[in-house]
Amino acid sequence: MVNATKGLFVSCDIPMAQFIINYNNTLPPSQQFIIHVLDSTHLFVQPHAAEMIRSAISEFRDQNSYEKPT
């Protein structure tokens, strides 16, 4: 018998995949969203996590962007 799971396929570079995995691991078990790590650049996650991942990445990029002093 085949079991199907609805999810979202995420393809990214290795550092971003590690960021997403680390972000997932910081959440409580009831909120973790990674279904399966396929390889170093591909993840299968729950579909409701898309916006949460986008906002975490956006916040991370904002914190690590250089702003010229005025």
Side-chain angles (χ1 to χ4, degrees):
M1 180 118 206
V2 175
N3 291 330
T5 303
K6 187 174 183 176
L8 182 69
F9 179 75
V10 177
S11 179
C12 55
D13 60 358
I14 294 172
M16 190 55 63
Q18 289 302 310
F19 172 78
I20 294 169
I21 291 168
N22 184 51
Y23 177 66
N24 181 68
N25 291 335
T26 63
L27 297 173
S30 62
Q31 295 179 355
Q32 292 185 352
F33 52 84
I34 293 180
I35 298 170
H36 191 71
V37 177
L38 303 171
D39 63 22
S40 61
T41 60
H42 299 98
L43 308 169
F44 189 61
V45 301
Q46 295 176 357
H48 66 80
E51 190 55 41
M52 183 170 49
I53 294 169
R54 282 190 192 108
S55 65
I57 291 170
S58 176
E59 183 179 321
F60 176 72
R61 286 184 176 162
D62 289 345
Q63 290 174 352
N64 290 308
S65 295
Y66 177 76
E67 293 181 18
K68 186 176 179 179
T70 57

Listed partners of Arg54 passing salt bridge (charged side-chain N to carboxylate O under 4.0 Å, His left out), at least two apart
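Per chain and number, Arg54 pairs via salt bridge (charged side-chain N to carboxylate O under 4.0 Å, His left out) with Glu51.
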
Mind checking the [atom1]-[atom2] spacing from [X] to [Y]? Nearest 0.5 Å is all I need.
X     : Y     : atom1 : atom2 : result
Leu38 : Leu43 : CG    : CG    : 7.0 Å
Met52 : Ile57 : CE    : CD1   : 11.0 Å
Ser58 : Ile53 : OG    : CD1   : 13.5 Å

List the atom pairs, donor and acceptor, that lie under 3.5 Å between side-chain atoms in residues 16-37 and the rest of the protein, sequence neighbours left out.
| from | atom 1 | to | atom 2 | distance (Å) |
| --- | --- | --- | --- | --- |
| Asn24 | OD1 | Phe33 | N | 2.7 |
| Asn24 | OD1 | Ile34 | N | 3.3 |
| Asn25 | ND2 | Ile21 | O | 3.3 |
| Thr26 | OG1 | Tyr23 | O | 2.7 |
| Gln32 | NE2 | Asn24 | O | 3.4 |
| Gln32 | NE2 | Leu27 | O | 3.2 |

Does one hydrophobic cluster hold both Phe60 and Val45, with members joined at side-chain heavy-atom distances below 4.5 Å?
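Yes: a chain of side-chain contacts under 4.5 Å links Phe60 to Val45.
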
Which heavy atom in Pro47 sits nearest to a heavy atom in Lys6, and how many Å separate them?
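Closest pair (atom of Pro47, atom of Lys6, distance): CD-O, 3.6 Å.
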
By ring-ring contact (aromatic ring centres under 6.0 Å, His included), which residues pair with Tyr66, not counting sequence neighbours?
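Tyr66 satisfies ring-ring contact (aromatic ring centres under 6.0 Å, His included) with no residue once adjacent residues are dropped.
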
